[in-house]
Amino acid sequence: MAVSGVLANVPWWKSGIVYQIYPWSFQDTTGDGVGDIPGILARLDHLCDLGVDAVWLSPVYVSPMADFGYDIADYRDVDPRFGTLADLDRLIAELHARGMKLIMDFVPNHTSDEHPWFLESSSSRDNPRADWYIWHDPAPDGGPPNNWRSMFGGIGWKWCEARGQWYYHAFLDKQPDLNWRNPKVVAAMHDVLRFWLARGVDGFRVDVIWHLLKDPDFRDNPPNPDWTPDEPEVRHILQIMTCDQPGVIDLVKGFREVLDEFPDKVLIGEVYLTIERMCAYYGEALDGAHLPFNFHLLMDPWKAEMIGWLIEEYERRLPPGAWPNWVLGNHDNARVATRLGPAQARVAAVYLLTARGTPTLFQGDEIGLTNGVIPPDKVRDPQEKNEPGLPGHDRDIARTPMQWDASPYAGFSSVEPWLPLVPGWETVNVAAESADPASMLSLHKRLIALRRKHPALSIGEVRVLTAAGDLLAFERSLDGERFVVAMNFGSELIETSVPAASGGQIVLSAKGGRDGEIVGKRLTLAGDDALVIAFG
Ligand code: NOJ
């Protein structure tokens, strides 16, 4: 969407809103029950109506789909399930024509075991790509070289007969890890970035960026004393030899240098880390990722005090000049409307879209989609298949199809979709919610419109006013424009004094029905409500 005024001088990825599209589940046009790029093209009006600025597209590259596209067999082409390279070029052009950007997913930690690089690397010990993956001789007993585990359960090593060696895979054995200590790998992947940047993409979301390097001495990971049996097996050990290794930031800086060969691109990095470690990925001179993903709304308890602390801790730890970001949902985690419940999901939407920092919105969260209900015979997620039944482990629940209208298969497809629709889709869909001013979709549209209209809400400063009990109140301000956001994390009425809010006018409430009210000396906030209060 076009920007003007003070925002015109701010990079688009600071003032804008990112919307994640999971291509498997956005819109099917070919009648195979799986979404595709022509489907995305057919639904661009939804993105315009919503008012988002950029699409982050989960992988659409050629892939055997063992991990739903995060196992890439060709980094330079589109998987036929999703369409063609020409379709993707059209998507870039059509998004640009509407003032929107396209952020591609980039998966550098591993390839598919069907990628030609791996086929060659695994064929012998002395082929030209012998050192492109993480190979190791067996332990003295012939077993795997150390105790490294796969994130998806089981040992992280697979035996290769042709080489008489093991290879390491942080995820599936069909996703061998590349050897990022090999400069040829670095150069080849930089060329992949250039290939897409030259086609006009506006940036990358880099998959598991904190995994890229592993301990060069292959030392064991130590046991995790806090592991409990309801957690995935990989948490048995602390990943201190396999993640967030010294030197990994230099690889991030290398990506950034390539992006900087082109104007106005964004580098987003996936990092599930503490705020302190996450902030390291900006680079000391802001020469790393523009936005290392902040997943703390997904990882930490949804409590007023916690979120107040997070805001302040984040602001304290950000390197000078670094720009924050917030994420409420993605294709790897339970849906926010289920995690927090439908009422608090509205409060959380108010937070996401009034927070200081670029918001990333996951498709379906704008209509309040809850977790899918996946019968055992319909499970597709390899993580769930390997370690069934662990709480919060099944990722299919967040990947169910978009629900567009009340027609058969919710307008997503003409046939049964690859994953089931969420029960209640006849009313929880874009068409029904567009017609209802009280819907989750209408709330999102109003919040986004407000954020777009008032730069204080996007690029302004933030100050936490109070974070105690069930109340979080914070202020956003810029050039004399000021807002107070007050959120009730509980279901009881709060009546209190928030001096910074008094005299302001309510311009939006999560529950509705309070627009135009002037806040007096006392602030009343219904249970599960959040208010945006404007001054001046
Ligand atoms: C993170 C991605 O978001 C997830 O879906 C994938 O399984 C892993 N990385 C491995 O690529």
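Quick note: residue numbers are just sequence positions, from 1. Remember, it's 1-based here, ligands and their atoms both numbered in the order they're listed.
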- Task: Would you please classify the geometry between the His331 ring and the Tyr70 ring as parallel, tilted or perpendicular, with 30° and 60° separating the classes?
- Result: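 Taking His331 first and then Tyr70, their aromatic rings lie parallel (interplane angle under 30°).
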
Are any of the heavy atoms in [X] under 4.0 Å away from ligand 1?
{"X": "His110", "answer": "yes"}
{"X": "Phe152", "answer": "yes"}
{"X": "His211", "answer": "no"}

- How does His331 reach ligand 1, if at all, at less than 4.0 Å between non-hydrogen atoms: by side chain, backbone, both, or neither?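 Only the side chain of His331 comes within reach of ligand 1.
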
- Would you sort out whether Tyr167 and His136 count as a side chain to side chain contact (heavy atoms under 4.5 Å, CB included), showing the intermediate values? CA-CA 6 Å; Tyr167 69 85; His136 205 285; over 6 Å; no

When you check the gap from the basic side-chain N to the acidic O, do [X] and [Y] get nearer than 4.0 Å?
{"X": "Asp131", "Y": "Arg129", "result": "no"}
{"X": "Glu261", "Y": "Arg256", "result": "no"}
{"X": "Arg235", "Y": "Asp230", "result": "no"}

- Task: May I ask you to list the atoms of ligand 1 that are less than 4.0 angstrom from any heavy atom of Arg395?
- Result: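 With Arg395 as reference, the close atoms of ligand 1 come out as 4 (C), 5 (O), 6 (C), 7 (O).
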
- Message: Under a 4.0 angstrom heavy-atom cut-off, which atoms of ligand 1 come close to Arg399?
- Response: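 By the 4.0 Å cutoff, the relevant atoms are 5 (O).
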
- Query: Between the candidates Ile209, Asp332, Asp105, which shows the shortest non-hydrogen contact distance to atom 4 (C) of ligand 1?
  - Reply: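 Result: the heavy atom closest to atom 4 (C) of ligand 1 is in Asp332.
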
- How far is atom 6 (C) of ligand 1 from its nearest protein heavy atom, and which residue and atom is that?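 Atom 6 (C) of ligand 1 sits closest to the protein heavy atom Asp67 OD2, 3.3 Å.
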
- Message: How far is atom 11 (O) of ligand 1 from the closest protein heavy atom, and which atom is that?
- Response: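 The answer is Asp207 OD2, 2.7 Å.
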
- Message: Tell me whether the count of non-hydrogen atoms from other residues, nucleotides or ligands lying under 6.0 Å of NZ in Lys303 goes above 12.
- Response: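 No, because the 6.0 Å sphere around NZ of Lys303 holds 12 heavy atoms or fewer from other groups.
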
- Please determine, by modelled atom types, if Asp177 and Asn109 share a side-chain donor-acceptor pair under 3.5 angstrom.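 A pair is found: one side chain offers a donor N or O, the other an acceptor, under 3.5 Å apart.
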
